[in-house]
2 protein chains.
Amino acid sequence: MRPTVHDIAAAAGVSLATVDRVLNQRPGVRKVTREKVENAIREIGYIRDVAAANLAKGRTYSFVFILPASDNSFMHGLNDEVRAAVARSSVERTNIRTIEVPAFDPGALVQILNELGDERPSGIALVATDAPEVRDAVDRLVQDGIPVVTLVSDLTGSQRHHYAGVDNIAAGRTAARLLGRFLGGATGEIAVLAGSMLVRDHRERLEGFAAVMAAEFPSLSILPVIEGRDDPEMAHMLVADALSKKSGIIGVYSLGAGNRGLIRALKEKAVDRSLTVIAHELTTHTRAALLDGTIDAILNQDAGHEVRSAIRVLKAKADGLAVIEAQERIRLDIFLKDNLP
Amino acid sequence: MRPTVHDIAAAAGVSLATVDRVLNQRPGVRKVTREKVENAIREIGYIRDVAAANLAKGRTYSFVFILPASDNSFMHGLNDEVRAAVARSSVERTNIRTIEVPAFDPGALVQILNELGDERPSGIALVATDAPEVRDAVDRLVQDGIPVVTLVSDLTGSQRHHYAGVDNIAAGRTAARLLGRFLGGATGEIAVLAGSMLVRDHRERLEGFAAVMAAEFPSLSILPVIEGRDDPEMAHMLVADALSKKSGIIGVYSLGAGNRGLIRALKEKAVDRSLTVIAHELTTHTRAALLDGTIDAILNQDAGHEVRSAIRVLKAKADGLAVIEAQERIRLDIFLKDNLP
DNA sequence: CCAAATTTGATGTACGTAAATCAAAATTTG
DNA sequence: CAAATTTTGATTTACGTACATCAAATTTGG
């Protein structure tokens with residue numbers, strides 16, 4: 001049988017009230033007594049029954065998700081997953097609120113974070129814009145004892161408790177090796193389409209991609225990065241233009257969102273050419289393109305897993321519990337035609 | 001605020017005791033009254049507070065994991081993950097016991113399952129040997145109201161509540177496409193190493209592999225399957241033999257466990273040849289081989305995820321709750337050198 | 001050494017559900 | 001219609017923890 005507070009009291013030779021004072025860090029306990037109790041807790045291996053505790057407290061976790069107001073399939077999917085979590089939230093004693101902020105706007109993000117500092121929710125998850133002022137705002141919250149996790153894109157050098165997202169350097173490296181192997185030693189140029197070099201995840205993907213390309217596939221050369229701002233129209237124009245002008249392009253790596261434009265450009269311009277294409281994020285568009293052969297592989301992060309992981313971690317941190325690290329590692333999915341979910 | 005049993009009682013105009021009788025399917029309630037209560041439950045959207053209920057019941061879930069006594073890295077890993085779950089079990093009000101059965105022995109499995117029918121644990125997870133008598137034994141347990149999930153390998157045509165494992169046909173297809181693309185249109189023979197064609201997961205992998213090979217890579221021909229019984233020594237001998245005799249082999253697909261022998265054979269026999277190799281299951285051995293270039297890609301199922309998923313599903317079934325399907329889908333991991341965990 | 005302040009103990013209520021008991025009411029049976 | 005039976009209500013205890021109150025004991029300061 002699992003030990004209870006009564007067992008602690010008996011083991012430490014104190015009353016239940018004193019045990020309670022120690023456990024919940026209430027004042028009015030001498031140092032010697034406190035240590036006696038703490039030793040007893042350790043010795044009998046007491047673990048607080050979180051379910052009973054939450055029942056007693058009538059606790060509901062209040063979590064806030066801060067998402068960028070970007071109009072691309074991935075962010076819509078992320079939003080959907082948060083909504084799905086909200087739908088489940090009553091069962092899980094959680095109260096989840098989402099706040100939309102303009103994308104790539106550190107100022108707006110900082111303002112929201114500061115307001116949340118007063119509100120003191122049980123936990124915060126945010127898609128971080130990687131800027132020093134954001135990092136400082138997050139660190140203030142952490143110092144205040146509010147659990148914070150970054151979602152999808154991390155925050156350089158911050159004290160956030162956890163990052164719920166994929167390793168983007170590894171993602172870029174993987175893309176490079178897949179492309180290199182699929183091209184089987186051919187010589188030519190690779191076009192890279194990104195959203196913006198101002199977000200950390202895109203920078204990291206490119207970094208990993210370029211590193212492996214340079215080291216292991218010297219016959220392939222990377223063209224200057226095309227920045228499509230995750231906008232389908234812009235991506236379409238820029239990619240179509242590049243394909244027209246550069247006849248040496250034999251492969252494409254799309255590391256950002258907004259692949260609709262890319263796919264359209266590929267279908268228009270590359271009917272006669274055989275391009276090998278790797279893209280990020282599984283959406284209706286990329287899925288169809290993978291199935292019809294326009295895209296050869298899709299690298300994906302599962303937004304649902306990221307959201308659920310973020311919630312689990314926030315809950316654990318709020319309760320002062322440990323997380324199962326292996327469970328919370330967000331994996332890079334590689335999809336070919338054959339293993340689509 | 002979430003509605004409670006009191007709210008049901010008020011809404012239905014009955015007493016708390018009657019609500020309790022309906023909720024816990026105790027006798028002594030007229031049909032009309034039962035329906036009145038059930039309507040009230042539906043109308044006010046009552047959801048049982050599982051935490052409070054378990055507290056009141058003093059419930060601990062007793063789960064049984066039935067694992068084959070196979071001496072290969074994957075099964076050892078699976079065992080480790082179950083043990084890790086046992087270590088966490090006190091916190092989660094679970095009591096997990098593992099039973100080892102001889103591998104590929106339907107009779108032994110059936111006997112254990114029948115014994116468990118009397119013991120009535122809260123749930124059972126088993127690595128199924130795919131035989132009709134096992135299916136029948138499982139179906140009896142399911143009929144008895146005991147939640148059952150299959151782990152890693154499924155049971156054809158059975159009523160099991162859930163399968164916690166990967167789609168092995170998709171895995172085989174994916175292996176074929178990777179191999180085909182990596183070989184880039186070359187002509188030659190492919191050696192396939194399996195454990196045994198008597199287990200369903202291996203049969204399915206081969207099926208998927210052969211299908212895609214035939215349809216999309218006609219220049220590659222599959223040699224007769226080598227059955228290594230998941231035994232390193234045997235695999236070593238058979239693969240070394242094949243490599244010596246067949247000079248046309250340009251690729252290898254190892255779809256079973258026990259890759260140690262395969263790797264040794266590859267290092268001895270294929271120093272001068274360039275083979276493209278795809279193997280299943282990430283272990284210390286396959287990981288090292290991937291890093292040093294002996295293996296080109298590893299397909300993996302995450303044993304930790306499978307075990308945790310099985311537990312979550314068993315718990316949900318025991319409580320009569322819904323599972324989050326997307327969360328319980330076990331994904332096929334594809335590892336290249338660059339995205340190893 | 002006494003008064004004041006601090007520390008500790010004893011006790012009760014609450015959270016939402018399960019489970020049991022006994023009495024009261026309603027229904028069915030003969 | 002009375003007796004037997006079934007159904008329903010009222011009430012209590014328990015699970016493990018949190019939190020509050022008041023009294024008693026101990027320690028500290030002057």
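Order of the sequence lines sets the chain letters (A, B, ...), proteins ahead of strands, with each chain counted from 1.
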When rounded to the nearest 0.5 angstrom, what distance separates [atom1] in [X] from [atom2] in [Y]?
{"X": "A/Ile47", "Y": "A/Arg2", "atom1": "CD1", "atom2": "CZ", "result": "5.5 Å"}
{"X": "B/Arg34", "Y": "B/Leu23", "atom1": "CZ", "atom2": "CG", "result": "10.0 Å"}
{"X": "A/Thr33", "Y": "A/Arg21", "atom1": "OG1", "atom2": "CZ", "result": "10.5 Å"}
{"X": "B/Ile330", "Y": "B/Leu151", "atom1": "CD1", "atom2": "CG", "result": "8.5 Å"}
{"X": "A/Ser73", "Y": "A/Leu78", "atom1": "OG", "atom2": "CG", "result": "12.5 Å"}
{"X": "A/Ile44", "Y": "A/Thr4", "atom1": "CD1", "atom2": "OG1", "result": "7.5 Å"}

Taking any heavy-atom pair under 4.0 Å as a contact, classify B/Asp20: base, sugar-phosphate, or nothing. base
- With a non-hydrogen cut-off below 4.0 angstrom, is A/Arg48 in contact with a base, only sugar-phosphate, or nothing? sugar-phosphate
B/Arg2 vs C/dG16: side-chain N/O to OP1/OP2 distance below 4.0 Å
no
(request) May I ask you to evaluate whether B/Thr18 reaches the phosphate of D/dG9, defined as a side-chain N or O under 4.0 Å from OP1 or OP2? (result) yes
Going by an N to O cut-off under 4.0 Å, is there a salt bridge joining B/Asp319 and B/Arg48?
no
Ordered by number, residues from residues 8-17 of chain B within less than 4.0 Å of DNA chain D (heavy atoms) are B/Gly13, B/Val14, B/Ser15, B/Ala17
[X], nearest nucleotide to its side chain (from [options]):
{"X": "B/Ala53", "options": "D/dT17, C/dA18, C/dG16", "result": "C/dA18"}
{"X": "A/Arg26", "options": "D/dT17, C/dG16, D/dC19", "result": "D/dC19"}
{"X": "A/Lys57", "options": "D/dT17, D/dC19, D/dC15", "result": "D/dC19"}
{"X": "B/Ala52", "options": "D/dC19, D/dG16, C/dG16", "result": "C/dG16"}

Atom [atom1] of [X] to atom [atom2] of [N]: distance rounded to whole Å?
{"X": "A/Lys31", "N": "D/dT27", "atom1": "NZ", "atom2": "P", "answer": "17 Å"}
{"X": "A/Asp49", "N": "D/dG16", "atom1": "CG", "atom2": "P", "answer": "8 Å"}
{"X": "B/Asn54", "N": "C/dA18", "atom1": "CG", "atom2": "P", "answer": "9 Å"}
{"X": "B/Arg34", "N": "D/dG9", "atom1": "CZ", "atom2": "P", "answer": "13 Å"}
{"X": "B/Asp7", "N": "C/dC15", "atom1": "CG", "atom2": "C1'", "answer": "14 Å"}

Of B/Arg21 and B/Val5, the one whose closest nucleotide on DNA chain C sits nearer the 5' end is B/Val5
Can you tell me if B/Thr60 and B/Asn95 form a side-chain donor-acceptor pair at under 3.5 Å? no
In short, B/Lys36 meets B/Ala12 closest at the heavy-atom pair CE-O, 3.8 Å
For B/Leu282 and B/Asn300 the tightest heavy-atom approach is N-OD1, 2.8 Å
Taking a pair to mean Watson-Crick or G-U wobble geometry with both distances below 3.5 Å, C/dA23 pairs with D/dT8
Contact list (N/O, under 3.5 angstrom) for nucleotides 4-7 of chain C vs protein:
from: C/dT7; atom 1: O3'; to: A/Arg30; atom 2: NE; distance (Å): 3.4

